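Written out below as structure tokens is the structure these notes cover.
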Amino acid sequence: MSGFIFKSVALRNICPMMEKQGFYDFTSIEKKWQQYWADHKTFRTEITDPAQPKYYVLDMFPYPSGAGLHVGHPEGYTATDIISRYKRMKGFNVLHPMGWDAFGLPAEQYAIQTGTHPAVTTAKNCDTFRTQIQSLGMSYDWDREVNTTDPDYYKWTQWIFSQIYATWYDADQKKGRPISELPIPAEVEAAGPAAVRDYRDSKRLAYYAGAQVWWCKQCQIVCANEEVLNDGSHEKCGSRDVERRFLKQWLLRIPQYAERLLEGLDSVDWPEGIKEMQRNWIGKSIGAEVDFQVQGLDATIRVFTTRPDTLFGATYMVLAPEHPLVPDITTADHQDALSAYLKQAALKSDMDRTELAKDKTGVFSGTCAINPVNGQAIPIWIADYVLMGYGTGAIMAVPAHDTRDFEFAKTFDLPVICIMEPQTDDPDLKARVLAGEACWTEDGSYIRSANPDEGLDINGLNKQDGVARTIAWLQNKNLGHGTTNYRLRDWLFSRQRYWGEPFPIIHWEDGDVTLVDEADLPLALPKLSNYQPGEGGESPLSNATDWLSVTDPATGRKGRRELNTMPQWAGSCWYYLRYMDPKNSEQGWASDIEKYWMPVDLYVGGAEHAVLHLLYSRFWHKVLYDLGHVSTDEPFQKLFNQGMILAYAYEDDAGSKVASDLVENRDGQFFHTDTGQPLKQIVAKMSKTLKNVVNPDDVVRDYGADSMRLYEMFMGPLEATKPWNTQGVEGVYRFLQKAWRLFVHEETGGMNEAVQDVEPDEATLRVLHQTIKKVGSDIETFSFNTAISQMMIFVNHMTKQKVRSKAVLKPFVLVLAPFSPHIAEELWQRLGETDTLAYTPWPVYEERLLQEKEIELAIQIRGKIKDKIVVPADTSEQDIQARALASDKVQAALNGQTPKKIIVIKSRLVNIVV
RNA sequence: GCCGGAGUGGCGGAAUUGGCAGACGCGCGGGAUUCAAAAUCCCGUCCUGGCAACAGGGUGAGGGUUCAAGUCCCUCCUCCGGCACCA
């Protein structure tokens, strides 16, 4: 069905001679203007006047995969291009760059298979992407193109890493400071240089340490926690062959910036959902640390709790299986059970992690601890529902007021002591809670929560006061203190790969670690003949023996370069800074340029980067800010997430999917071509197996880039997830043809004789000014779909006009230009203009021309429409009331009743209340 | 389970933020043009009843506030995205 349409459209372009002279020949028009923009460097951006207002529009740059562009890419790119073109016409100096996030696994895997250097594969893919993007007429300043794999680029990625390495976080000043300013405690100083070095290393924002990491057997790579999905599979390759390993790794202390990252969210204009996701990811929780004395042992267990107020209800404690005190507190008679349990827990981490979330398990250690508020002995259990990586790896369990503890207590028949009378109207629930048969986590009033001997009594208080009173008491008794915990962990920052930025680090034989001299950056990747990873999970760089070993020319000391490379996040953490000053060989960016352009005014990309990329980027930016390298605390002022583009797919009654080439459309019903059974149309992700992938190149070939751009914007709200429909492309294509024919005589190719230098009539002028107004304001609010609707209304109106005023057509061309720039430039030229319209001022609408002279009012009785009247726009309220009541239909509907009240909404309606 | 977003014709989606529900586009039906088709142009198209004028119903379900509710409030259902033993 659609194949037939494709064919006929394509035919027009192959054989234009068969057609009329003046047909809308998008192929040559688009080629012509893309050439023009390139030749004239129309979109080259410079700071010519520092007083000119700037606008920085950024797209999330793509990973240039071998598959080329898919229709999802141009969605965001078109939106930002419309904004860019519009802002230029509004007089802004617009920075609108594009580049490549080009480090990544596929090129490296290809190298392992074929021996082709990843740089070669990458360059080829970048070329494809560039050509494809250029064929869409995007107004990027291509002189600013960046590529994260270019040594001139990653020189500065390495430089930023060096900065992070040489920084510590001063908690008092709440900012990062140079490591040289770190105060060294006297006792450390006294212990010698090695101790000082260790102390410094323990404070650096980047550090090297053994870490439990996830290892993907298929990719032969370490993955960050967040790259391993809940089902235990690796996000990148989908393999479930992921296991835990202990390896030396680079980590970044991002949790130290947790509070700053949290606070910064309040100052940026981002979708609330994304902010919330980041807040959840950071996971701030306020509570207290409390020390419990272990019975019969000279040891204390420190727990973190958000509910210190429930200490009187603590009936047992739990340690994570990995807790260091576990061996010490386990008594001989419980040793076997514990060993078995630990073994089982270790096994579990290799299984699907979803399995873990089921039933609670654990073993008793044989030892008790003393509850500090009442001196009671409570058993210490070992259970894997407590995680070593959060808080202190130990908890006090209050089953009456914590659902997890409650479940555990029920499983192992541990006592449940209710210490709070719940605030509820449900008497049954209240009774069960008080009896320890149900769990209550909400507010209420304390009972059984006093120890007069120790001076603690919170009975009768509510949660807020109880927490405060208890923390004060703990602090006073030196048993604990209020504290804040974050879920955010140190960022695992190294990968065992070749195709990534080398760390500018040297490990010396004496145990010293130093940065590569800034003058020696970039530390370029060595050429390799073998891209296979090393056996023990080492990166392929272990094959580059010459490159690896270094000798200090001054001292003769021998060292080895870092084998790991940086993760793909590194290059994308700061690319928005390099765009500003991409050719600078002295600095990553010049300060005065940075001050002019930053912050990014608008950042558009997919929501899949809601947490990781955006959090990492903000973290780096804040470090750079603290060190004085950038002038803003936050990098991205406004963020917008475009929705995903899906496609239609088909499934049979059994719910199994049917590939699109096996589907037949008969009068809107779908059938299987082979079996003839009816199919249901559904919406699904584009996939090769479903054969419903739409290739942008095909769309550009058959309908042109202008139609492609227009359709992507016309589909629906930018943020919505929506299905691609090729017939919809036909619709916008027809609109462009109609617009074309307003100007051009199809037979001759000359100007349509209807286009004349005449005064427009009032109605036409009104439609024009409504269009200028609506399109402008819709662009500002990203409502591109309704802007296009309005332009369609304009074109429909003009099509009916026998005489078309140039004075009306010209502003329309300008309004159309951001959306479909090629046809707009062409029409602009045909109207006699000689220069590009890219910098022509956006037309101004006049309020007085928007007003209708006569307005139609609906007349309602109790909200139901009974009649409509047309009155002059300036009719007074009294006259409108009179006119409304004079209506025959209204009189008939009133049926003699007297109106109680008449509500007149000017230019809208009249509502008569009876 | 928790957080976030969304439910409107056959379909994608509009609705000045409380003021005529269905703009615009697709699809479909009818007509013009054509030897015929494609393309183009015009008319119609929420549902029900009626030849029609017209009448009644209608924005996931139920209730409420209001002169007036797709829009605000309460209860519930469904779908999508994220998080998930984080103490």
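Being a predicted model, the structure only gives us computed values, none of them experimental. All heavy atoms count here, side chains included; hydrogens, waters and symmetry mates do not. Protein chains get the first letters and strands the later ones, always in sequence-line order, with residue 1 at the start of each.
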Mind checking whether A:W740 and A:F23 have ring centres under 6.0 Å apart?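 No.
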Any chance the rings of A:Y385 and A:F408 have centres within less than 6.0 Å?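 Ring centroids of A:Y385 and A:F408 are less than 6.0 Å from each other.
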Contact nearer the 5' end of RNA chain B, comparing A:N485 with A:M715: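 It is A:M715 whose nearest nucleotide is closer to the 5' end.
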Name the residue closer to the 5' end of RNA chain B, choosing between A:T799 and A:N785 according to the nucleotide with the nearest heavy atom.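 First, find each residue's nearest nucleotide; the 5'-ward one identifies A:N785.
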Given [N], is OP1 or OP2 found less than 4.0 Å from the side-chain N or O atoms of [X]?
X	N	result
A:N796	B:G25	yes
A:R734	B:A39	no
A:S285	B:A87	yes
A:R279	B:C83	no

Nearest of [options] to any side-chain atom of [X]?
X	options	answer
A:M792	B:C20, B:C24, B:A14	B:C24
A:D384	B:C85, B:G12, B:G57	B:C85
A:Q727	B:G57, B:G27, B:C24	B:G27
A:K360	B:C85, B:A84, B:G13	B:C85
A:N725	B:G13, B:C83, B:C26	B:C26
A:L387	B:A87, B:A14, B:C11	B:A87
A:E276	B:A14, B:C3, B:C20	B:C3

Expressed in whole Å, how much space separates the [atom1] atoms belonging to [N] and [M]?
N	M	atom1	answer
B:A37	B:G31	P	12 Å
B:G57	B:G1	P	39 Å
B:G82	B:G18	C1'	33 Å
B:G7	B:A21	C1'	16 Å
B:U8	B:C79	P	14 Å
B:G70	B:G58	C1'	11 Å
B:A23	B:C76	C1'	32 Å
B:G27	B:U34	P	25 Å

Using a 4.0 Å heavy-atom cut-off across all strands, classify [X] as base, sugar-phosphate, or nothing.
X	result
A:K868	base
A:L909	base
A:F794	nothing

In whole angstroms, how far is the [atom2] atom of [N] from the [atom1] atom of [X]?
X	N	atom1	atom2	result
A:Y703	B:G25	OH	P	17 Å
A:M644	B:G82	CE	P	8 Å
A:M277	B:A84	CE	C1'	13 Å
A:M791	B:G25	CE	C1'	13 Å
A:L319	B:A87	CG	P	18 Å
A:K800	B:C42	NZ	P	7 Å
A:Y733	B:C26	OH	C1'	17 Å
A:F735	B:C26	CZ	P	12 Å

Which dot-bracket notation, 5' to 3', represents the base pairing of RNA chain B when pairs are defined as Watson-Crick or G-U with both distances under 3.5 Å, crossing pairs as [ ], and inter-strand pairs as |? (((((((..(((......[....)))((((((.......))))))((((....))))..(((((..]....))))))))))))....
Scoring nucleotides 64-74 of chain B by protein non-hydrogen atoms under 4.0 Å (B base, S sugar-phosphate only, - none) yields ---BS------
Does the side chain of [X] pick up a donor-acceptor pair with the side chain of [Y] at under 3.5 Å?
X	Y	value
A:T78	A:E712	no
A:K738	A:N796	yes
A:Q770	A:Y845	no
A:N485	A:S285	no

Within residues 277-287 of chain A or reaching into it, pairs that qualify as salt bridge (charged side-chain N to carboxylate O under 4.0 Å, His left out) - sequence neighbours excluded: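 For residues 277-287 of chain A, and leaving out neighbouring residues, the salt bridge (charged side-chain N to carboxylate O under 4.0 Å, His left out) pairs sorted by first residue read A:E259-A:K284, A:D266-A:R279, A:E272-A:R279, A:E276-A:R279.
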A:D309 vs A:L311 side-chain heavy atoms within contact, under 4.5 Å: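 No. Closest side-chain heavy atoms not under 4.5 Å.
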side-chain contact (heavy atoms from CB on, under 4.5 Å) partners for A:D443, two or more places apart: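 Partners of A:D443 under the side-chain contact (heavy atoms from CB on, under 4.5 Å) test: A:M420, A:Q423, A:N462, A:K463.
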Listed by chain and number, what are the side-chain contact (heavy atoms from CB on, under 4.5 Å) partners of A:A873, not counting sequence neighbours?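 A:A873 satisfies side-chain contact (heavy atoms from CB on, under 4.5 Å) with no other residue.
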Would you name the heavy atoms of A:V795 and A:F735 that are closest together and state the gap between them?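 Looks like CG2-CE1, 3.4 Å.
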Taking ring pair (Phe, Tyr, Trp, His ring centres under 6.0 Å) as the cut-off, I'd like each qualifying pair that reaches into residues 773-798 of chain A, sequence neighbours left out, listed once.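 Residue pairs with at least one partner in residues 773-798 of chain A: A:F640-A:F782, A:F794-A:F812.
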